[in-house]
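Structure record follows, encoded as structure tokens.
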Amino acid sequence: MKTSKSNIVDMTVGSPVKHILAFALPLFIGNLFQQFYNMVDSLIVGNFVGANALAAVGTCGSMNFLFFSLSSGLAIGIGVIVAQYFGAKDEQNVKITIANSFYVIAIASISVSVIGFIFCPQILRLISTPEELINDSITYMRVTCVGIFSVALYNGVAAILRALGDSKTPLYFLIFSSVINVVLDLVFVIYFNWAVFGVALATIISQIFSAVASLIYAAKKVPYFKLSKDLLKPNKLIIVRSFKIGTPIALQNSMIAVSCMVLQGVVNSFGPVIMAAYTIISRIEQLIQQPFSSIGMALTTYSGQNMGAGELGRVKKGLHRGTFIVLIFSLAMIPIAYLLGKNIVGFFVKEAEVIDIGYRALRITSLFYFGLGMIYVPRAVLNGCGDTGFAMINGITEVICRILYSEILTRIPAIGFWGVWITTGFTWGTTAIVCIIRYKRGKWKTKAIAKK
């Protein structure tokens with residue numbers, strides 16, 4: 001059910017499949033543009049600066065994920081609250097939650113930005129970043145930390161719009177910001193010769209654009225963002241609830257990031273060639289994850305609205321439909337990885353050794369894509385229903401798996417550095433099983449924040 005003033009959609013009525021796919025498609029396109037930032041960074045750095053610079057950018061990937069997760073995870077929690085109040089038709093609490101979300105986002109993102117800027121050299125050395133890469137890595141990381149607030153602000157506004165059923169509007173701003181990012185990448189790296197610094201700066205400027213543009217649009221076009229002065233006063237209950245729901249998700253993502261940093265440390269111990277191959281495969285995996293992530297975000301909103309409306313049967317249908325979509329996509333990606341993998345890896349670098357290792361690694365991880373997808377589907381449903389406490393268990397599972405599997409597999413002489421990518425696949429599979437078990441236990445049925 002759409003309003004005449006915006007793209008708001010009521011998911012508590014109508015076909016679950018239609019809602020999920022219609023909601024997920026703009027998310028998928030938007031996620032591709034987000035990944036386009038990283039892909040362009042890698043392509044430009046790899047081709048115009050060199051493999052060492054690409055490895056320096058890659059070694060910051062898990063740190064970026066950690067710092068962004070601490071702030072953006074709270075945005076997801078805010079979206080869950082808004083979705084449930086919207087499903088319950090509680091307009092007043094929707095507006096109160098939106099007003100107080102800005103306090104939550106500001107506190108979290110600024111704190112993380114300062115900490116990351118100050119301590120990134122120590123963290124980079126903690127994960128065994130080679131000395132020949134350390135200066136470029138610090139430069140890239142510190143510039144990125146400056147932009148954490150803009151990332152968190154955009155994610156906050158986007159999460160709220162999506163909670164209201166609008167997945168289209170955030171896409172438009174991402175498209176424009178992506179174009180800006182590409183143009184600035186080329187100008188800063190090729191024309192000004194700013195190398196890694198230029199890549200990071202281009203990304204930050206584009207993220208600021210998307211944050212400001214989305215906020216202006218929401219304030220002018222979305223009725224729920226039209227807030228009176230009394231609603232702008234800090235509301236302790238909503239702020240506490242936002243942190244209570246969002247913190248487990250933020251910590252889950254942070255723990256996943258820490259586990260990725262541990263694995264990055266293992267990768268770094270094998271030298272720049274393996275580091276470059278790992279960076280490329282990570283970029284490809286980020287692209288592969290986008291359909292899963294899009295279905296997941298759609299299911300979070302869908303489950304949140306239906307949970308608020310008391311429609312538990314529709315929540316279950318959503319999970320079943322999401323699982324089927326993930327299965328089809330996972331199976332379709334395997335032959336692509338095997339037949340075109342070498343060409344795909346070759347887009348990033350020219351070194352034959354890196355291409356060969358990357359291609360073999362891609363064939364390994366492609367066999368585990370369904371496990372990756374089945375992390376997103378049940379986890380998204382649980383989050384949307386308010387069972388975000390499980391997110392901590394989910395994060396701990398990934399930490400244990402990445403540390404345990406990598407320590408065992410990479411020490412086996414016959415496996416060696418290939419154990420890095422086998423670890424990734426085993427971690428996906430194990431985590432998916434844990435998510436499914438949690439859903440089957442049914443605790444999510446009692447976790448409603450708002451009720452109609």
What residues, two or more places apart in sequence or in another chain, satisfy side chain to side chain contact (heavy atoms under 4.5 Å, CB included) together with [X]?
X: M333; answer: I288, F329, I336, Y369
X: A276; answer: V354
X: I216; answer: V212, K220
X: T12; answer: D10, K89, Q305, N306, A309

Counterpart residues, side-chain hydrogen bond (donor to acceptor under 3.5 Å, both in side chains), relative to S406 (two or more places apart):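 With sequence neighbours excluded, S406 shows a side-chain hydrogen bond (donor to acceptor under 3.5 Å, both in side chains) to no residue whatsoever.
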Residues in side-chain hydrogen bond (donor to acceptor under 3.5 Å, both in side chains) contact with R241, at least two apart in sequence or another chain: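 Checked R241 against side-chain hydrogen bond (donor to acceptor under 3.5 Å, both in side chains); matches are Y85.
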For [X], what residues pass the salt bridge (Lys or Arg N to Asp or Glu O under 4.0 Å) criterion, not counting sequence neighbours?
X: K447; value: none
X: R402; value: E398
X: R363; value: none
X: R125; value: E131

Qualifying side-chain hydrogen bond (donor to acceptor under 3.5 Å, both in side chains) pairs with a residue from residues 373-391, counting only residues at least two apart or across chains: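 Sorted pair list: Q289-Y376, R379-N394, D387-R438.
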Test item: Y217 and F173 side chains (from C-beta on) under 4.5 Å apart, heavy atoms: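 Yes - at least one pair of side-chain heavy atoms lies under 4.5 Å apart.
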Minimum side-chain heavy-atom gap I284-V345 below 4.5 Å: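 Yes, their side chains come closer than 4.5 Å.
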Atom pair CG/CD1 of L404 and I408 - distance to nearest 0.5 Å: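 Result: 4.0 Å between the selected atoms.
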Distance, nearest 0.5 Å, that separates CG of L174 from OG of S206: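 Atom-to-atom, L174:CG and S206:OG are 9.0 Å apart.
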Between T430 and Y405, a side-chain donor and acceptor under 3.5 Å: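 Result is yes, a qualifying pair exists.
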Partner residues of Y439 under the ring-ring contact (aromatic ring centres under 6.0 Å, His included) criterion, sequence neighbours left out: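 With neighbours one apart ignored, the set is W444.
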